[in-house]
Participant: 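Here's a structure for you.
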Amino acid sequence: MSTVRIPPVLRETVGGARTVDAVGATVAAVLDDLFARHPALRDRVTDEGQLSRFVNVYVNDRDVRYREGLDTPVGPDDTVILLPAMAGGSR
Amino acid sequence: MVSDHGLAIPSAVAAELLAHARAELPYEACGLLAGSIADGRATAFHPTRNAEASPLRYSVHPEDLVRITFAIDDAGEDLVAIFHSHTRSAAVPSATDRRAAMYPDAFYLLASLANADAPPESALRAWRIHRGHAFEVPLTIG
């Protein structure tokens, strides 16, 4: 069982919890389990069934885009974080 | 609960974020403002790296984003506003800004560096962005 840390911007989708539990050996598996338990969170961070490109996923504070993406391994003592990006630009 | 009265920032914070924006030229600059969302008042500016390193786009560096987000939360404060600069255009959310906005409860504070001599009151504008639509809100500096 891994811990998923929920930032303030997403807490209303998990009943106000700061952390929730999820099961899975990879980021993809953890997200599947997490979204099954918390459909409101899924609706907030996915776009047409895929994780929104505007949402960062971290394992132990490291962005998984700099590791193995959704295939990044997750251990039982690891902490996963979902955090909407802050991005944009004048064009 | 979000303030209905717009965003207020101290003069020193306005000066700090404009200095950061100028220091980052020719790239867009970005950062987070912490304080009380209920009061609509930001009291601290946390500059961040622009992972895009671009004059036309910004993305708060993911390491800075996670570190500062939870530091603000652990301190019992709120994320009040998300700041970024436009280097040559007005301080108005672009289509890119509106499409990428993921924080409906936060203010989006934009600076225009198009006019180097502009005082903070005219260089800065505050917005809310919800479902791709931007709404300007009153900004009080001081």
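What you see below is based on every heavy atom in this structure, not just the backbone, and it leaves out hydrogens, waters and symmetry mates. Note on naming: letters A, B, ... go to the chains in the order of the sequence lines (proteins, then strands), and numbering restarts at 1 for each one.
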Participant: Report whether A:L70 and A:V23 are members of the same hydrophobic cluster (ILVMFWY, side-chain heavy atoms less than 4.5 Å apart, transitive linking).
Facilitator: no
Participant: I need the residue from B:E52, B:E28, B:R99 with the largest number of non-hydrogen atom pairs under 4.5 Å to chain A.
Facilitator: B:E28
Participant: Given the options B:S94, B:P62, B:S59, which has more heavy-atom pairs under 4.5 Å with chain A than any of the others?
Facilitator: B:P62
Participant: Heavy-atom cut-off 4.5 Å, strictly under: side chain, backbone, both or neither for B:P93 against chain A?
Facilitator: neither
Participant: In Å and rounded to the nearest 0.5 Å, what is the CE to CG distance from B:M102 to A:L83?
Facilitator: 9.5 Å
Participant: So which part of A:L82 gets closer than 4.5 Å to some heavy atom of chain B, the side chain, the backbone, both or neither?
Facilitator: neither
Participant: Taking B:L109 as the starting point, is it possible to reach B:F45 by hopping between hydrophobic residues whose side chains are less than 4.5 Å apart?
Facilitator: yes
Participant: Minimum heavy-atom separation for B:A100 and A:F54, please, with both atom names.
Facilitator: CB-CE2, 3.6 Å
Participant: Does anything in residues 59-68 of chain A reach chain B? List residues with heavy atoms under 4.5 Å apart, or say none.
Facilitator: A:D61, A:D63, A:Y66
Participant: Are B:F83 and B:I68 co-members of a hydrophobic cluster defined by side-chain heavy atoms under 4.5 Å apart?
Facilitator: no
Participant: How about residues 26-39 of chain A versus chain B: which residues have heavy atoms under 4.5 Å apart?
Facilitator: none
Participant: Is there a path of hydrophobic side-chain contacts, each under 4.5 Å between heavy atoms of I/L/V/M/F/W/Y residues, joining A:L41 to A:L51?
Facilitator: yes
Participant: A:N56 versus B:V66: any side-chain heavy-atom pair under 4.5 Å?
Facilitator: no
Participant: Do B:L110 and B:I141 sit in the same hydrophobic cluster, where Ile, Leu, Val, Met, Phe, Trp and Tyr count as joined when their side-chain heavy atoms come under 4.5 Å apart?
Facilitator: no
Participant: Give the minimum heavy-atom separation between A:G89 and B:H84, together with the two atoms involved.
Facilitator: N-NE2, 4.4 Å
Participant: Output yes when A:R11 and B:D105 qualify as a salt bridge under the 4.0 Å nitrogen-oxygen rule, no when they do not.
Facilitator: no
Participant: Side chain, backbone, both or neither: which part of A:Y58 has a non-hydrogen atom closer than 4.5 Å to chain B?
Facilitator: side chain
Participant: Hey, what do you get for CG (B:D97) to CE (A:M86), rounding to the nearest 0.5 Å?
Facilitator: 13.5 Å
Participant: What part of A:P8 lies closer than 4.5 angstrom to a heavy atom of chain B: side chain, backbone, both or neither?
Facilitator: side chain
Participant: Side chain, backbone, both or neither: which part of A:V45 has an atom under 4.5 Å from a heavy atom of chain B?
Facilitator: neither
Participant: Using a cut-off of under 4.5 Å on heavy-atom pairs, state which of B:V60, B:T96, B:D73 scores highest against chain A.
Facilitator: B:D73
Participant: I need the minimum non-hydrogen distance between B:T69 and A:P7, along with the two atoms involved.
Facilitator: CG2-CB, 4.3 Å
Participant: What part of B:I82 lies closer than 4.5 angstrom to a heavy atom of chain A: side chain, backbone, both or neither?
Facilitator: side chain
Participant: Can you tell which part of B:L32 gets under 4.5 Å to a heavy atom of chain A, answering side chain, backbone, both or neither?
Facilitator: side chain
Participant: At their closest point, which heavy atom of B:F70 faces which heavy atom of A:I6, and how far apart are they?
Facilitator: CE2-O, 4.1 Å
